[in-house]
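Labels below follow one simple rule: chain letters A, B, ... track the order of the sequence lines, proteins then strands, and each chain is numbered from 1. These numbers were taken from a predicted model, which means no experiment stands behind them.
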Amino acid sequence: MPWPLALTALVTIAFLLVPLVGLVIRAPWRNLGHVLAETQVVEALRLSLVCASAATVLSLVFGVPLAWVLARARFRGHGLLRALVTLPLVLPPVVGGVALLLAFGRRGIVGQYLDSWFGLTLPFTTLGVVVAETFVAMPFLVVTVEGAFRSADRGYEEAAATLGASRLTVFRHVTLPLVAPSLVAGSVLCWARALGEFGATITFAGNFPGRTQTMPIAVYLALERDPKAAIALSLVLLAVSVAVLVGLRDRWLHTGPTA
Amino acid sequence: MPRTAKPLVALVAVGALLTGCGGSSGANSPSGTSGSSGSSSATSSTAVAGTINVFAAASLQKAFTTLGSQFERKNPGTKVVFNFGPSSGLAEQISQGAPADVFASASTKTMDQVVTSGDAASPTDFVTNTMEIAVPPDNPAGITSVADLAKKGVKVALCQTDVPCGATALTVFQNAKVHVTPVTEEIDVKATLGKVSLGEVDAGVVYVTDVRAAGTSVKGIEIPSDVNASTTYPIATLTSSKNKATAKAFVDYVLSPDGLAALTASGFSKP
């Protein structure tokens, strides 16, 4: 290995790991249990896990068909559509939150009808958190799965079709299993992004303990009041993230090349 | 030799990035306290020149922005860079070593924390601010009093209780003997006001100055003085300032009759 590459890689490793080491070293280990037993912390963690999982399920249900359309269908403006629906990947999350308010807020272009027809208002509700997280995280799943649909071997699908399978049957029993590793990889990415979501959530769903206060928001607020508690909370998020990555490591590594 | 030079350059660059970023997290200022565009040579310990970073409570945004440009006009060669935000968040940034020269807080409690940690000395109280109810221009929930905020179905945004506007709003509710459950506790007063002006909530409790600064985008409902509460704003130069002369000149300007006139015009009261 050329040593300049190795040396630069070492610097990169240090850059990425030193902040995490700082978190672990400065953590208030002695009263960690005390901080984490607070109801507000337990509620924030529960809310984060529930909302990130719900956002991932929604992303699978609505994102996989979109990924299939983007990968297989050919129509005018295809490239533009692809760019637009994956925009949240690069959009600052706070901008996403403002946009969501203008769309689904109480006076938003769609939200005003949700309110007057169904009495449904999304801002300041747990459902609002899920919506914000889905908006920000779904594109991660879509681009991952779209790549898999594109590179999947069409021969299997054609074989199934010649044997009389309907197009939906082919999709469910041939295409989906083919892209399963990417579905897992995309879901993990999506879930992790949703778990860490801050900007769109606090802008669209606000902050109320037990209802819309997720872990990242709790960390941010705790940093102003009690930095030690913020470090403890950060440690929990770090542990959850590591657990997920390690738990899915084998599948994750396998999916790397195909995703 | 060229083969070894490249990685070294990369290392130095990364090192510079690491040290350059240290401790300045959260600060909006594009440069350190020594200023940019060659002004650092003019920044001696006595001259009023160069750049200063002023960390100020979100509620001071409009008044201080005006004061800042007036100060720059009166003192050519100076540049005032503001970082507006929740007082408690700014205090935390200062204690983490953010490059600040002046701190103006919306509560004595937050300033006391900064003084206790040794980052500031002898602050001066310069204005006070009282609370007001802000509603969307069409007042959808028909709010007329503090008691209306406690009604069922009325959506209220408050500041979170760790920032001065949230703590002062709670005092108002205690004085009025009402119990208000907000739908959201926003990070700072501007975020609370934003939820009102967008019409996402029926009412918010913010400072008198914010209602005035918001113009026609919200409507203010006055809180009677017997239940209203106020918060006191202290200002101080910071001990870590690298441009103490300019920092002190700015504080003096805020405390001058001109400065107070601009602040009272925004709705602040004299302490």
By residue number, those in residues 106-133 of chain A with heavy atoms under 4.5 Å from heavy atoms of chain B are A/R106, A/R107, A/T121, A/P123, A/F124
Would you check if A/L102 and B/L198 make a side-chain contact, meaning some heavy-atom pair closer than 4.5 Å? yes
dist B/I187:CD1 -> A/T203:OG1 (nearest 0.5 Å) comes out at 7.5 Å
Cut-off 4.5 Å, heavy atoms of chain B, and the answer for A/P209 is side chain
Residue from B/L90, B/D202, B/V163 scoring the most non-hydrogen pairs under 4.5 Å with chain A is B/D202
To the nearest 0.5 Å, atom CZ of A/F204 lies from atom OG1 of B/T184 at 12.0 Å
Bottom line for A/I217: the part with an atom under 4.5 Å from chain B's heavy atoms is neither
Applying a strict 4.5 Å limit to non-hydrogen atoms, the region of B/E200 in contact with chain A is both
Cut-off 4.5 Å, heavy atoms of chain A, and the answer for B/P182 is both
Honestly, the part of B/T181 sitting under 4.5 Å from a heavy atom of chain A is side chain
Original post:
Can you tell me if A/N207 uses its side chain to pair, donor with acceptor, with the backbone of B/E185 under 3.5 Å?
Top reply: yes
